[in-house]
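The structure presented is a predicted model; accordingly, all values stated were derived computationally and were not measured.
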Amino acid sequence: MHQLSLADVNHSEKSLTLALVQVSQMLGLYHAELARILHAKCKDIGDLVSANKYIPRDSQQWQYAEQFIYVYELLYIYADGDEVKIYNWLRRQQATLGATPLYMMVDEQRIDEVINWLSQQSRNIAD
């Protein structure tokens with residue numbers, strides 16, 4: 001895995017879409033999981049992955065994609081780039097969150113809570 005910044009990829013539909021696909025692949029997400037995060041259909045994710053379609057700027061999906069990429073950015077900082085730690089944190093019950101972060105984002109649409117928690121951790125690391 002490598003560090004990725006939302007600010008580096010949200011300047012065009014193509015760059016944001018490619019970054020989103022890359023992040024979802026690095027995190028090992030299924031198309032159905034990414035579809036739920038984006039409030040999309042699995043077929044839409046297939047189109048994004050095959051570069052037949054890009055996420056339209058100023059759409060709700062654009063905002064969801066930005067949030068998901070930001071989660072990755074914060075998680076990368078929190079885990080100091082450790083791929084195993086990133087992967088495990090996302091898929092294991094986190095006592096401080098009271099849930100599994102991936103399920104919070106995919107099943108419960110609680111990505112904001114994941115962002116808030118990771119943001120707080122990033123601030124603590126910076127201090």
Exercise for review: Starting at CG of Leu38, measure out to CD1 of Ile45 and round the result to the nearest 0.5 Å.
Suggested key: 4.5 Å

Review point. Hey, are the side chains of Leu102 and Leu29 touching, using non-hydrogen atoms and a 4.5 Å cut-off?
Key: yes

**Study point:** Residues in ring-ring contact (aromatic ring centres under 6.0 Å, His included) contact with Trp117, at least two apart in sequence or another chain
**Key:** Tyr78, Trp89

Review point. For residues 84-95, which residue pairs qualify under salt bridge (Lys or Arg N to Asp or Glu O under 4.0 Å), counting only residues two or more places apart or in two chains?
Key: none

Validation: residues 19-28 side-chain donor-acceptor distances under 3.5 Å, sequence neighbours left out:
unit_1	atom_1	unit_2	atom_2	d
Gln22	NE2	His2	NE2	3.3
Ser24	OG	Leu20	O	3.4
Ser24	OG	Val21	O	2.9

Review point. If you look only at pairs with a residue in residues 39-52, which of them pass as a salt bridge (Lys or Arg N to Asp or Glu O under 4.0 Å), with sequence neighbours excluded?
Key: Lys43-Asp47, Asp44-Lys53

Review point. Looking at CD1 of Ile55 and OG1 of Thr17, how far apart are the two atoms once the value is rounded to the nearest 0.5 Å?
Key: 4.0 Å

Revision key, fill the gap. Residue pairs meeting salt bridge (Lys or Arg N to Asp or Glu O under 4.0 Å), one or both in residues 59-80, sequence neighbours left out, come to none

Revision key, fill the gap. Across all chains, not counting sequence neighbours, the side chain to side chain contact (heavy atoms under 4.5 Å, CB included) partners of Asp8 are Ser5

Check your understanding: CD of Glu13 to CG of Leu18: how many Å apart, nearest 0.5 Å?
Key -> 11.5 Å

Practice item. With rounding to the nearest 0.5 Å, note down the distance linking CE in Met104 to CD1 in Ile111. Key: 10.0 Å

Check your understanding: Which atom names give the shortest non-hydrogen contact between Tyr54 and Ala51, and what distance separates them?
Key -> OH-O, 4.3 Å

Revision key, fill the gap. Nearest heavy-atom approach of Phe68 to Met105 is CE1-CE, 4.3 Å

Practice item. Could you pull out all residues at least two apart from Ser119 that satisfy side chain to side chain contact (heavy atoms under 4.5 Å, CB included)? Key: Tyr70, Leu74, Ile115, Arg123

Review point. Who passes ring-ring contact (aromatic ring centres under 6.0 Å, His included) against Tyr64, sequence neighbours left out?
Key: His39

Check your understanding: What pairs of residues pass the salt bridge (Lys or Arg N to Asp or Glu O under 4.0 Å) test when at least one of them lies in residues 97-121, not counting sequence neighbours?
Key -> Arg36-Asp107, Glu108-Arg110, Arg110-Glu113

Revision key, fill the gap. All heavy atoms of Cys42 vs all of Ala35, minimum pair found to be N-CB, 4.0 Å

Revision key, fill the gap. Ser15 meets the side chain to side chain contact (heavy atoms under 4.5 Å, CB included) criterion, sequence neighbours left out, with His11, Ser12

Check your understanding: So do the side chains of Leu34 and Leu48 get within less than 4.5 Å of each other, counting heavy atoms only?
Key -> no

